[in-house]
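Presented below is the structure to which this report refers.
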Amino acid sequence: MRIGVMGTGAMAAALGGAWARAGHEVFVGGRDTAAAGALAGRIGAAGHGTPAQAAGYGEAVLLAVPAGAAPALAREHAGALAGRTVVDCTNALVPGTGGVMLTTGAGQSVAGLIAAAAPGAHVVKAFNLVHVSLWDRAPVTADGAAPAVPFCADDAEAAGRVAELISGTGWSPMPAGGLDRAAYLEATAAWAIGVWWAGGSPRLALPDAPGPA
Ligand SMILES: NC(=O)c1ccc[n+]([C@@H]2O[C@H](COP(=O)([O-])OP(=O)(O)OC[C@H]3O[C@@H](n4cnc5c(N)ncnc54)[C@H](OP(=O)(O)O)[C@@H]3O)[C@@H](O)[C@H]2O)c1
C-alpha cells in the first residue's frame, strides 16, 4: 500500500517505520522538509516532501500531528484527502486532575472534527491507545495472542486498509464500530494514560470472563 504520513514526530517515525518494515511504500511529509528527509532516510521511506505531497500520495494518509492541529490540516488539504483512507491516531489531551483530560466536548471526537473538515475523506480512528514505543517490534500478550488495535470506521474499504496496516505490524485488527464511536476510543486513551501515570496497568482492569466451572 502507498501511505502518506503527515508529520515528522514520534508517531510518524514509529508507525511510518513499522509500515515501511512491513513492505508498504511510505512517503513522509513535513512542514520542515529537511526533517521529513531525515526521517524518511531513517525509516526507509520511499520518499519525502511537504504535507500537501503526503496528502496526495497514496491510498492511505496518516495524520501524525497534535490533535489541535489535525482538523485544520485536514481542512487545508481536503481536496487531496478526498477518496483516501485518512488514519487519525491523535489524542486531544491536556494534563488534569488524576492524569489527563480530554479537550473535546461531550460526545465530540477529533476523528469527527477531521471528517467534518474533509468531508470526502474516509476517516478511520486507530492507533491512539498505546504508547509510541510499542511500534518498534510486534508485542505479545501474556497468553501469546497478538494484541489488538481497535479502530472505528464508516467506510468498508477504509476499514479493510487499516486492518491490513494493523495485521502487517503483527497486531490484530479489532473493529470497534463506526466513526460515531471514535469518542469512546479517545476517552479510553485518556483513562488508560491516567492509570499509567498513577503507576497502574490498564490491561488488568479488562480480564476475560472465566469459562464454565
Ligand atoms: N507519543 C505517543 O505515545 C502517542 C501515542 C498515541 C497517539 N499519539 C498522538 O499522535 C499524535 C502525534 O504525536 P507525536 O508523539 O508524534 O507528536 P510529536 O512528536 O510532537 O510530532 C508532532 C508532529 O506534528 C507536526 N505538526 C504540528 N503542527 C502541524 C501543522 N499545523 N501542520 C503540519 N505538521 C504539524 C510537527 O511538526 P514540527 O516538527 O514542524 O513542529 C511534528 O512533526 C498526537 O495527536 C498524539 O496525541 C501519540
Side-chain angles (χ1 to χ4, degrees), residues 3-19 26-43 45 48-57 60-78 80-81 86-96 99-104 108-115 117-118 123-137 139 147-152 162 165-166 169 171 174 176 182-197 202:
I3 309 154
V5 173
M6 298 173 84
T8 58
M11 286 295 278
L15 287 175
W19 293 335
V26 174
F27 182 100
V28 180
R31 53 187 178 180
D32 176 347
T33 50
L39 176 57
R42 208 164 81 230
I43 65 174
H48 72 276
T50 63
Q53 287 175 297
Y57 179 74
V61 185
L62 171 70
L63 292 179
V65 300
L73 194 62
R75 186 172 298 109
E76 183 183 345
H77 299 289
L81 295 176
V86 174
V87 182
D88 166 31
C89 70
T90 68
N91 284 313
L93 303 172
V94 289
V100 290
M101 305 295 283
L102 292 171
T103 60
T104 41
Q108 195 181 48
S109 69
V110 184
L113 295 175
I114 292 168
V123 180
V124 181
K125 186 85 206 181
F127 303 103
N128 69 312
L129 279 192
V130 300
H131 190 258
V132 64
S133 58
L134 289 182
W135 300 108
D136 280 353
R137 58 192 176 285
V149 176
F151 64 93
C152 295
V162 170
L165 292 177
I166 293 168
T169 58
W171 293 63
M174 178 184 279
Y184 302 154
L185 280 188
E186 296 179 11
T188 301
W191 166 74
I193 291 167
V195 173
W196 283 318
W197 281 17

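Starting from 1, each residue takes its place in the sequence as its number. Counting convention: from 1, in listed order, for ligands and their atoms alike.
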Subject >> Value rounded to 0.5 Å, distance of CE in M101 from CD1 in I193 >> reply: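 So the gap between those two atoms works out to 13.0 Å.
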Original post:
Side-chain contact, heavy-atom cut-off 4.5 Å: K125 with S109?
Top reply: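 A side-chain contact under 4.5 Å is absent here.
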Original post:
Can you find a heavy atom in the side chain of F127 that is under 4.5 Å from one in the side chain of W171?
Top reply: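 Contact flag for F127/W171 side chains = no.
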Subject >> Verdict with supporting geometry, M6 and L62, side chain to side chain contact (heavy atoms under 4.5 Å, CB included) >> reply: CA-CA 6 Å; M6 298 173 84; L62 171 70; over 6 Å; no
When you compare ligand 1 with [X], is there at least one nitrogen or oxygen pair between them that comes in under 3.5 angstrom?
X    : answer
N128 : no
T90  : no
P66  : no
A10  : yes

Check each atom of ligand 1 against the heavy atoms of [X] and keep those under 4.0 Å away; list them by number with element.
X    : answer
A67  : 45 (O)
G7   : 43 (O)
A64  : 12 (C), 22 (C), 23 (C), 24 (O)
V130 : 5 (C), 6 (C)

Return yes if some donor-acceptor pair links the side-chain N/O of [X] with the main-chain N/O of [Y] below 3.5 Å, else return no.
X    : Y    : result
T33  : A36  : no
E186 : A111 : yes
D32  : A34  : yes

Original post:
Applying the side chain to side chain donor-acceptor pair (under 3.5 Å) test to N128, which of T90, N91, D88 qualifies?
Top reply: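 When T90, N91, D88 are each tested with N128, the side chain to side chain donor-acceptor pair (under 3.5 Å) holds only for N91.
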Original post:
Taking all atoms of both residues into account, what is the closest heavy-atom pair of V28 and A45, and its distance?
Top reply: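 The answer is CG2-CB, 4.0 Å.
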**OP:** Would you sort out whether M174 and V149 count as a side chain to side chain contact (heavy atoms under 4.5 Å, CB included), showing the intermediate values?
**Re:** CA-CA 6 Å; M174 178 184 279; V149 176; over 6 Å; no
Original post:
Among H77, R31, M11, M6, which residue places a heavy atom closest to atom 4 (C) of ligand 1?
Top reply: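 Residue with the shortest heavy-atom distance to the ligand atom: M11.
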**OP:** From the options G68, G29, C89, select the one whose nearest heavy atom is closest to atom 7 (C) of ligand 1.
**Re:**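 Minimum heavy-atom distance to atom 7 (C) of ligand 1 goes to C89.
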Protein contact of [atom] - nearest heavy atom, named by residue and atom, plus distance:
atom                    : result
atom 46 (C) of ligand 1 : N91 N, 4.0 Å
atom 44 (C) of ligand 1 : V65 O, 3.4 Å
atom 21 (O) of ligand 1 : G9 CA, 3.3 Å
atom 3 (O) of ligand 1  : V132 N, 2.8 Å
atom 39 (O) of ligand 1 : T8 OG1, 4.1 Å

Original post:
Can you tell which of Y57, W19, F27 makes a side chain to side chain contact (heavy atoms under 4.5 Å, CB included) with I3?
Top reply: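 The single option meeting the side chain to side chain contact (heavy atoms under 4.5 Å, CB included) with I3 is W19.
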Original post:
Is it the side chain, the backbone, both or neither of L129 that has a heavy atom closer than 4.0 Å to ligand 1?
Top reply: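 For L129, there is no contact with ligand 1 at all, from either part.
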Original post:
ligand 1 versus L73, non-hydrogen atoms closer than 4.0 Å: side chain, backbone, both, neither?
Top reply: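 The part of L73 near ligand 1 is the side chain, not the backbone.
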